[in-house]
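In what follows, a single structure is set out as structure tokens and then discussed.
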Amino acid sequence: MNDAQALRVRFAPSPTGYLHVGGARTALFNWLLARKAGGRFIVRIEDTDTDRNVEGAIPKIIEDLRWLGLNWDEGIEVGGPHAPYLQSQRLDLYRAAVTKLLETGQAYYAFDTSAELEAMREQAMAEKRNFRYPRPERFPDESDMQQARAAGKPVVVRFKMPGEDITVHDEVMGQVTIKADELDDFIIVKADGMPTYHLANVTDDGEMQINFVVRGQEFLAQTPRHIALQRALGYPTPRYAHLPLIMDMKGRKLSKRDGDVEVFSFRQAGYLPETLVNFIALLGWSPGMQREQFSLSEIVEVFDTARVNRANAKFDRDKLLAFNTDYCASLGEDRLLEAFTDWLSINPDSSLAKANLDESSRRTLLHVNKGFRLFPDIEKKSGFIYLPDEAIEYDPQAVKKVLAKNDGEGFAMLRMLLPQIEATAPWTHETLEALIANVCQSHGAGMNKVAQPIRVAVAGTTVSPAIYDTLVMLGKEKTLNRIRRALATVQ
RNA sequence: GGCCCCAUCGUCUAGAGGCCUAGGACACCGGCUUUUCACGCCGGCAACGCGGGUUCGAAUCCCGCUGGGGUCACCA
């Protein structure tokens, strides 16, 4: 494959907020296509809306993409032959394009105020017809423009649509033709002088030689405008693939405000990037086999736009959670440790993060919590271990059920156990197991009667890792302290 | 409302005219396992939106209806 034919795709987020799962999926599909074809994946930032740009959004988006494992060959931060990759730094390019369009009569100045446009739209709506911007008989010239500007009117530039039906050959949606009378003259330069999305996007795709545009279906209706613009500007029309949308469980388009759909919030909630990427790949695409666990590199091998669905998909968190459970169980220990460490670093308020665990403790935690679904499960189940002894709070339900019931049967067990625990040495899984087995036998009691009172005494609740693991991690001294404290303070 | 797109279990989906008594996964419901909680294992419930065609035969093709979504910005 020579350079001219090499696949060039891009992900072009605007820095209006953090990366959410919809954007992540678009990025993923583009990345997949590039990796599969040996092409280039480009990340460009579309920040032409000065009002909506959010401070700090760009580094967050970059961080989220990296966390997902989607690296790019050209673009923001990494640079490349078409730098800069930030639209606000490419204004000369758009200006040149507009000048060309204006000079060739393919664009014209317009001076309507928002209120005037609004009124025209309302009237069209009232008359039940589609609003189309009324193109003037004669296009205003430079002096008209200067005059309008002097008079304080807003000056925008509109693109003159060619007035013909335009067909999009979409690799997911098929052929979609939009009639000429559905397409009116749209704005390409705003009153503040900034290009609109349409102009900047088409210009950049052209300049950066993007030859395959993969984006959400909400852009399908805009594509004929882009195609018209490409023709006017002399850029080839790229291949197109419009992806079905991701909806929330109520069936509405996933929106940033609608709960925690941001990539970062999943990271913070203890999901693995492997989970998110795998799950998101399956939203609108299927490998066509009865298997759904795929690593990124496995998906690269089998991915194909021909297998992309046309129907919108709902984002089901239950299934995502199940996916994460599977990944937590199947990923290698080192990878899990890495992800767990990352989770601790972005959750500094958790008691586990505060405990400043060394690597071996983190590994142990991972090991004794096998079967966990999310990293916070480890926190919930084992966080008590690293609390100061005095900070253990006793759950009344647990106390009642395990210690107080049957005339304080549990308390009695603890009192009986205390000297034996004091005598236990060395403090290992084996010696503890021998101790408890011995007590069970001599008292004719089940494990429950022995392990649960200890658990409640040291953890305050009925939930903890396996009792021997728990005690070994706690250490003899803390175990004894907590049992004594439970006997002294809990009734 | 105009235009465009879509339509298989509650959800993600397999299915490209006979292999479908419609498969898998999640969720849900039983059971098993078990020192707690999880995990795991086994089983069960559960769908081709409706109506017309085409065909020997339709979840699969065509039309209509209904339903859902997107879009009609000086947002992307």
Side-chain angles (χ1 to χ4, degrees), chain A residues 12-16 46-49 51-52 110 112-114 117-118 121 124-132 154-158 168 170 172-174 176-179 181-184 186-192 194 196-198 200-201 215-222 224 242 244-245 247 249 251-253 279 282-293 309-323 325-326 328-329 369-373 377 380-381 398 402 433 436 440 446-452 454-456 459 461-468 470:
Chain A
S14 60
T16 52
E46 307 211 327
D47 60 342
T48 53
D49 186 342
D51 291 341
R52 293 189 195 212
D112 316 84
T113 64
S114 303
L117 288 168
E118 181 86 10
R121 276 193 202 97
M125 197 69 116
E127 291 167 19
K128 292 199 169 194
R129 57 183 172 78
N130 204 16
F131 171 73
R132 298 194 70 224
V155 175
V156 303
V157 178
R158 283 186 183 262
V168 183
D170 192 275
V172 169
M173 304 307 294
V176 179
T177 300
I178 306 290
K179 294 275 195 319
D181 59 12
E182 291 296 325
L183 303 162
D184 66 351
F186 60 95
I187 293 175
I188 54 177
V189 179
K190 308 180 221 178
D192 67 357
M194 291 294 275
T196 58
Y197 157 73
H198 304 290
N201 184 269
R215 76 227 302 195
Q217 233 171 67
E218 72 261 37
F219 293 102
L220 183 59
Q222 310 290 355
H242 285 90
L245 270 16
M247 327 289 277
M249 283 310 276
R252 288 185 306 228
K253 185 174 153 188
F279 184 74
L282 261 21
L283 249 31
W285 172 81
S286 157
M289 27 180 142
Q290 315 243 59
R291 199 232 311 186
E292 21 186 50
Q293 297 268 315
N309 268 284
R310 300 218 263 239
N312 294 162
K314 291 191 178 119
F315 190 82
D316 183 358
R317 286 160 188 280
D318 286 334
K319 184 147 182 168
L320 178 70
L321 217 209
F323 258 59
T325 308
D326 291 341
C328 287
N369 280 283
K370 276 215 166 78
F372 71 96
R373 321 196 78 184
D377 293 346
K380 279 181 220 142
K381 197 162 153 178
V402 176
E433 191 169 350
I436 291 178
C440 284
M447 270 299 278
N448 260 317
K449 297 287 182 197
V450 187
Q452 281 301 76
I454 300 176
R455 197 181 323 266
V456 173
T461 72
T462 55
V463 177
S464 89
I467 196 66
Y468 311 121
T470 301

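Values below: all heavy atoms of this structure, side chains included; hydrogens, waters and symmetry mates excluded. We name chains A, B, ... by the order of the sequence lines, and we start the count at 1 in each one.
- Residue contacts for Tyr468(A): at a heavy-atom cut-off of 4.0 Å it reaches a base atom on one of the strands shown.
- Nucleic acid contact for Gly284(A): sugar-phosphate only, since backbone atoms but no base atoms lie under 4.0 Å from a heavy atom of the residue.
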A correct 5'-to-3' footprint of nucleotides 69-76 of chain B, with B, S and - meaning base, sugar-phosphate only and no protein heavy atom under 4.0 Å, is SSSSBBSB
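- Taking only side-chain nitrogens and oxygens, Arg310(A) comes nearer than 4.0 Å to OP1 or OP2 of rC6(B).
- At the heavy-atom level, Arg455(A) lies under 4.0 Å from base atoms of the strands shown.
- One interatomic measurement links the two molecules: CZ of Phe279(A) to P of rA27(B), which rounds to 11 Å at whole-angstrom precision.
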With 3.5 Å as the limit, what N/O pairs link the protein to nucleotides 37-40 of chain B?
| from | atom 1 | to | atom 2 | distance (Å) |
| --- | --- | --- | --- | --- |
| rC37(B) | O2 | Lys381(A) | NZ | 2.4 |
| rC37(B) | N3 | Lys381(A) | NZ | 3.0 |
| rA38(B) | O2' | Gly371(A) | O | 3.2 |
| rC39(B) | O4' | Gly371(A) | O | 3.4 |

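- Rounded to whole Å, the separation between the P atoms of rA73(B) and rA14(B) comes to 35 Å.
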Between protein and nucleotides 58-67 of chain B, what N or O pairs are separated by less than 3.5 Å?
none

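- Between Gln293(A) atom CD and rC12(B) atom P there is a gap of 19 Å when expressed in whole angstrom units.
- Listed nucleotides: rC5(B), rG10(B), rA14(B). Nearest to the side chain of Asp316(A): rG10(B).
- Atom name P, nucleotides rC61(B) and rC6(B): the rounded distance is 12 Å, in whole Å.
- Ile467(A) comes within 4.0 angstrom of a nucleotide base, judged by non-hydrogen atoms across all strands.
- A salt bridge does not link Asp316(A) to Lys319(A): none of the charged nitrogens lies less than 4.0 Å from a carboxylate oxygen.
- Using a 4.0 Å heavy-atom distance criterion, Ala322(A) is classed as a sugar-phosphate-only contact.
- Residue Met289(A) contributes atom CE, which lies 12 Å from atom P of rA14(B) at whole-angstrom precision.
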